[in-house]
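Since the model is a prediction, treat every value here as computed from it, not as a measurement.
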Amino acid sequence: MPTQSVLVRDSSFLRRVLQQYLSLLKKYPVITKSVTSGFLSAVGNLLSQALEYRKNSKENSPKKKISFLGPLHYAIFGLFITGPVSHYIYQLLEVLLPTTVPYCLIKRLLLERLIFAPAFLLLFYVVMNALEGKTLTDVQNKLKTSYWPAMKMNWKVWDPHFQFININYVPVQFRVLFANLVALFWYAYLASVRK
């Protein structure tokens, strides 16, 4: 018996999904942003592994199996760290630097890029190494070898244009989602440099 496929491009389906997401975002903002962050962080790690697998296939290098621990660790980080911390950071930026403050657009960007980003990257290294069962010495060595290159790449990937738009023009309830979509590629990069 033939079956009928449901088109994902069905606008009523997408509209219902969006409406449900917006409803959850309004009722449970931190939880919704946390779950979204966890999911998209895991997808970013899977993307990194898939790209590495594909690259190794083309170069006839030994193929590494896809690890499901990586996406699990990234999901945990996104769920418990990225989602809630980002939610409160974006809220804090609104309180500390409302639009009535002179040069608030630039001040928000500088605060986010020069204070929040380095601290958040440090937190990422510490938490991910802890999830992997690494020692404090391992964390220190990893920080010495890859923190600064990762920070410079963070400033490139999170091009000031992305964050400027995000923290100044994206409505505050959507900033974590916007950042998560950009972070898909950032987490793919981080997963590759941490190896």
Side-chain angles (χ1 to χ4, degrees), residues 5-11 13-25 28-58 63-90 112 116-117 120-133 142 146 149-151 153-159 161-163 165-167 170-195:
S5 298
V6 175
L7 289 176
V8 175
R9 291 178 289 177
D10 178 9
S11 63
F13 171 76
L14 294 176
R15 195 174 309 121
R16 283 193 314 271
V17 169
L18 179 60
Q19 286 171 344
Q20 184 65 33
Y21 182 80
L22 293 175
S23 174
L24 290 170
L25 194 58
Y28 313 104
V30 178
I31 293 171
T32 303
K33 292 171 188 177
S34 297
V35 170
T36 304
S37 293
F39 175 76
L40 291 175
S41 297
V43 170
N45 182 270
L46 278 172
L47 175 64
S48 168
Q49 290 187 61
L51 292 173
E52 184 178 342
Y53 184 85
R54 187 173 179 199
K55 178 182 158 196
N56 288 344
S57 294
K58 286 182 179 179
K63 293 174 191 74
K64 203 172 161 188
K65 286 185 175 183
I66 301 281
S67 163
F68 290 100
L69 269 181
L72 177 62
H73 293 159
Y74 276 75
I76 290 169
F77 185 79
L79 180 66
F80 295 107
I81 307 288
T82 305
V85 170
S86 297
H87 168 82
Y88 290 112
I89 289 295
Y90 292 133
E112 195 284 330
F116 176 63
F120 196 78
L121 184 62
L122 177 64
L123 182 62
F124 172 82
Y125 271 87
V126 171
V127 170
M128 292 307 270
N129 279 282
L131 288 171
E132 293 169 355
K142 188 59 80 171
S146 68
M151 192 69 249
M153 184 57 82
N154 177 291
W155 287 329
K156 290 177 187 173
V157 169
W158 286 100
D159 177 10
H161 300 95
F162 281 127
Q163 274 302 68
I165 290 166
N166 191 24
I167 60 181
V170 173
V172 71
Q173 71 268 29
F174 298 120
R175 289 182 188 162
V176 175
L177 178 61
F178 180 86
N180 280 321
L181 293 172
V182 175
L184 265 175
F185 303 101
W186 171 240
Y187 282 139
Y189 168 77
L190 277 181
S192 65
V193 297
R194 286 191 68 255
K195 293 179 180 158

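In the displayed structure, Tyr28 atom OH is contacted under 6.0 Å by at most 12 heavy atoms of other residues, nucleotides or ligands. Other residues, nucleotides and ligands contribute more than 12 heavy atoms inside 6.0 Å of the CZ atom of Phe178.
No donor-acceptor pair under 3.5 Å is formed between the side chain of Ser86 and the backbone N or O of Val176.
Inter-residue side-chain proximity for Leu46 and Tyr74 is flagged as unmet; no heavy-atom pair is nearer than 4.5 Å. With a 4.5 Å cut-off on side-chain heavy atoms, Val30 and Tyr88 count as touching. No side-chain heavy atom of Gln19 sits less than 4.5 Å from a side-chain heavy atom of Leu22. Between Pro29 and Gln173 there is no side-chain heavy-atom pair separated by less than 4.5 Å. In this structure, Phe39 and Asn180 have side chains that are not in contact, with every pair of non-hydrogen atoms separated by 4.5 Å or more. Using a 4.5 Å cut-off on side-chain heavy atoms (C-beta onward), Lys33 and Leu177 make no contact. At least one side-chain heavy atom of Tyr21 sits under 4.5 Å from a side-chain heavy atom of Thr36.
Once rounded to the nearest 0.5 Å, the distance linking CD1 of Ile76 with OG of Ser41 reads 11.5 Å. One finds the CE atom of Met128 at 10.5 Å from the CD1 atom of Ile81 (value rounded to the nearest 0.5 Å). Atoms CG and CG, on Leu69 and Leu131 in that order, are 10.0 Å from each other to the nearest 0.5 Å. Atoms CG and CZ, on Leu181 and Phe162 in that order, are 10.5 Å from each other to the nearest 0.5 Å.
Aromatic ring centres of Phe116 and Phe120 lie closer together than 6.0 Å.
Here the closest non-hydrogen pair linking Val170 and Arg175 is O-NE, 2.9 Å. Of all heavy-atom pairs between Asn45 and Gly70, the closest is OD1-C, 3.3 Å. The minimum heavy-atom distance between Val172 and Tyr90, with the atom names listed, is CG2-O, 4.1 Å. Taking each heavy atom of Ser37 and Gly83 in turn, the nearest pair found is OG-CA, 3.4 Å. For the residue pair Pro71 and Ala42, the shortest heavy atom distance occurs at O-CB, 3.4 Å. Between Ile66 and Ala50, the shortest heavy-atom distance links the atoms CD1-N, 4.2 Å.
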